[in-house]
**Student:** 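Shown below is the structure under consideration.
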2 protein chains.
Amino acid sequence: MRLSRIIGARSGGATAQAVSRLREAERRRSLRSSRGREEIARAAAGLRGHFEVDALVRAVRARGGRASRATVYRTLPLLVEAGILEPAVASRRKGQYETAVGRSHHDHLVCAHCHEVVEFSFEAFEILQREVAARHGFELIGHLHELVGICRDCRQETLPHGDD
Amino acid sequence: MRLSRIIGARSGGATAQAVSRLREAERRRSLRSSRGREEIARAAAGLRGHFEVDALVRAVRARGGRASRATVYRTLPLLVEAGILEPAVASRRKGQYETAVGRSHHDHLVCAHCHEVVEFSFEAFEILQREVAARHGFELIGHLHELVGICRDCRQETLPHGDD
DNA sequence: CTAAGTGCAAAAAGTTTGCACTTGG
DNA sequence: CCAAGTGCAAACTTTTTGCACTTAG
């Protein structure tokens, strides 16, 4: 048993989990288990925060891997399906992802005005989500949950009658 | 309250509401209220389902408006901020939106394998969302909530041998 | 009048694809 | 061995921008 898992480290545990999820997804789709995809999955598991595709490509290379941008793009859907990555901050429409293994899940609250992003997590959402998925016969892999609003600062700053 | 609202019509009510929300957002940002933006807001309020930017451009023209693609792109963030549109089915990464006025809200359940999209709505989510937003001092405008999973058909089709 | 708004077309970003070369099973 | 996987670069699609013209306030 991995101690790193218990203490919540994002070291070997997350990577091992990512690889195992990848294998599972590959089996599901009857795909070969290739060196490239594994490199990408490992690199993805090691990233934190929000990142775009190019950053993932660079991460693979930084680990000595050799993934091309094309291969990463071709692999992304599988990583999402495998539950290794999930799309993040979609309202930026920029192809951003975040790692779904080795860290507790959180959602986003985004200011439509200044684009500040606040992370939050709320157990109740997760429970309801599982319920909805089950009700429709889906096996839940992940989710994208983003609340769009106007933050306190922007409301005050932009209302003519508000103070400054 | 408006009868049109009660019977869920997407007639004049939604358009009027869209224009009023637009005015409010323009005031907030100290922008002029232009003919173009209003045309776009009206057209947006009239669309239903998921649509991409180009469809909105065409919708404006179909109503006799004259918005260019550039203007629509420049206006989109304001429409989202105004609560007239919200991003939809982000995992497709394609710039899809849907109207946020004049219809009851729903979220999406997407199959990561076959990309089938099931709509669902669950009052409990809305309540919790408002609570989270308030807790962080945000005025909630809208949200993007997408559950990613594997639908029943895809699980059966790809798992000749169930295991876990 | 003058700064914001707009259209057009060109440019930039982001993503997909054809093809020839590898590689896993 | 041979179909799946990969890299590269070209093709595509989507979004942003510069500039000259128009319009709201």
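Numbered from 1 within each chain, the chains take letters A, B, ... in sequence-line order.
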**Student:** Can you measure E39(A) atom CD to dG7(D) atom P for me and round it to whole angstrom units?
**Tutor:**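 Whole-Å distance recorded here is 10 Å.
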**Student:** Regarding H106(B) and E98(B), is there a side-chain donor-to-acceptor distance under 3.5 Å anywhere?
**Tutor:**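 Present: a donor and an acceptor within the cut-off.
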**Student:** When you measure from the side chain of R32(A), which nucleotide among dG18(D), dA4(D), dT16(C) comes out closest?
**Tutor:**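 The answer is dA4(D).
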**Student:** Atom CD1 of I40(A) and atom C1' of dT6(D): how far apart are they, to the nearest Å?
**Tutor:**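 Computing the I40(A):CD1 to dT6(D):C1' distance gives 10 Å.
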**Student:** Go nucleotide by nucleotide along DNA chain D from the 5' end; which of Y73(B) and S33(B) gets its closest nucleotide reached first?
**Tutor:**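 Counting from the 5' end, the first nearest nucleotide belongs to Y73(B).
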**Student:** Return the value, rounded to whole Å, for the distance between atom CG of L31(A) and atom C1' of dT23(C).
**Tutor:**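 Taking atom C1' of dT23(C) as the reference, CG of L31(A) is at 15 Å.
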**Student:** Can you tell me how far P of dA24(D) sits from CZ of R29(B), to the nearest Å?
**Tutor:**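 Roughly 21 Å, once rounded to whole Å.
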**Student:** Run the numbers on R28(B) and E139(B) for salt bridge (Lys or Arg N to Asp or Glu O under 4.0 Å), then give the verdict.
**Tutor:** CA-CA 13 Å; R28(B) 234 192 201 139; E139(B) 180 193 322; 2.9 Å; yes
**Student:** Nearest to the R37(A) side chain among dT14(D), dT6(D), dG7(D), which nucleotide is it?
**Tutor:**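 Per side-chain heavy atoms of R37(A), the pick is dT6(D).
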**Student:** Rounded to the nearest Å, what distance is computed from the CZ atom of residue R69(A) to the C1' atom of nucleotide dT17(C)?
**Tutor:**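 Checked: the CZ to C1' distance equals 15 Å.
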**Student:** Could you state the CD-C1' distance from E38(A) to dT23(C), rounded to the nearest angstrom?
**Tutor:**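 That distance rounds to 15 Å.
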**Student:** Would you mind reading off the distance between R61(B) atom CZ and dC8(C) atom C1', rounded to a whole angstrom?
**Tutor:**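 Distance check: R61(B) CZ to dC8(C) C1' gives 11 Å.
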**Student:** When hydrophobic residues are tied together by side-chain contacts of less than 4.5 Å, even through go-betweens, does L31(A) share a cluster with L85(A)?
**Tutor:**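 Yes, because L31(A) and L85(A) connect within a single hydrophobic cluster, where side-chain heavy atoms sit under 4.5 Å apart.
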**Student:** Assert yes or no for the condition that the ring centre distance of F125(B) to H145(B) is strictly below 6.0 Å.
**Tutor:**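 Yes; H145(B) has its ring centre under 6.0 Å from that of F125(B).
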**Student:** Would you say R35(A) reaches dG7(D)'s phosphate, i.e. side-chain N/O to OP1/OP2 under 4.0 Å?
**Tutor:**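 Answer is yes, contact under 4.0 Å.
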**Student:** Over all strands shown, is R74(B) touching base, sugar-phosphate only, or nothing at heavy-atom distances under 4.0 angstrom?
**Tutor:**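 It contacts base atoms.
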**Student:** In this structure, how many angstroms lie between the P atom of dT22(C) and the CZ atom of R66(A), rounded?
**Tutor:**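 Spelled out: CZ on R66(A) to P on dT22(C) is 11 Å.
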**Student:** Can you identify which nucleotide, out of dC8(D), dT15(D), dT6(D), has its nearest atom closest to the T71(A) side chain?
**Tutor:**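 Nucleotide nearest to T71(A)'s side chain: dT6(D).
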**Student:** Counting distance only, does the side-chain N/O of R21(B) pair as donor-acceptor with the main-chain N or O of A41(B) below 3.5 Å?
**Tutor:**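 No, because the side chain of R21(B) does not come within donor-acceptor range (under 3.5 Å) of the backbone of A41(B).
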**Student:** Would you say dA4(D) has OP1 or OP2 under 4.0 Å from some side-chain N or O of S34(A)?
**Tutor:**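 Answer is no, no contact under 4.0 Å.
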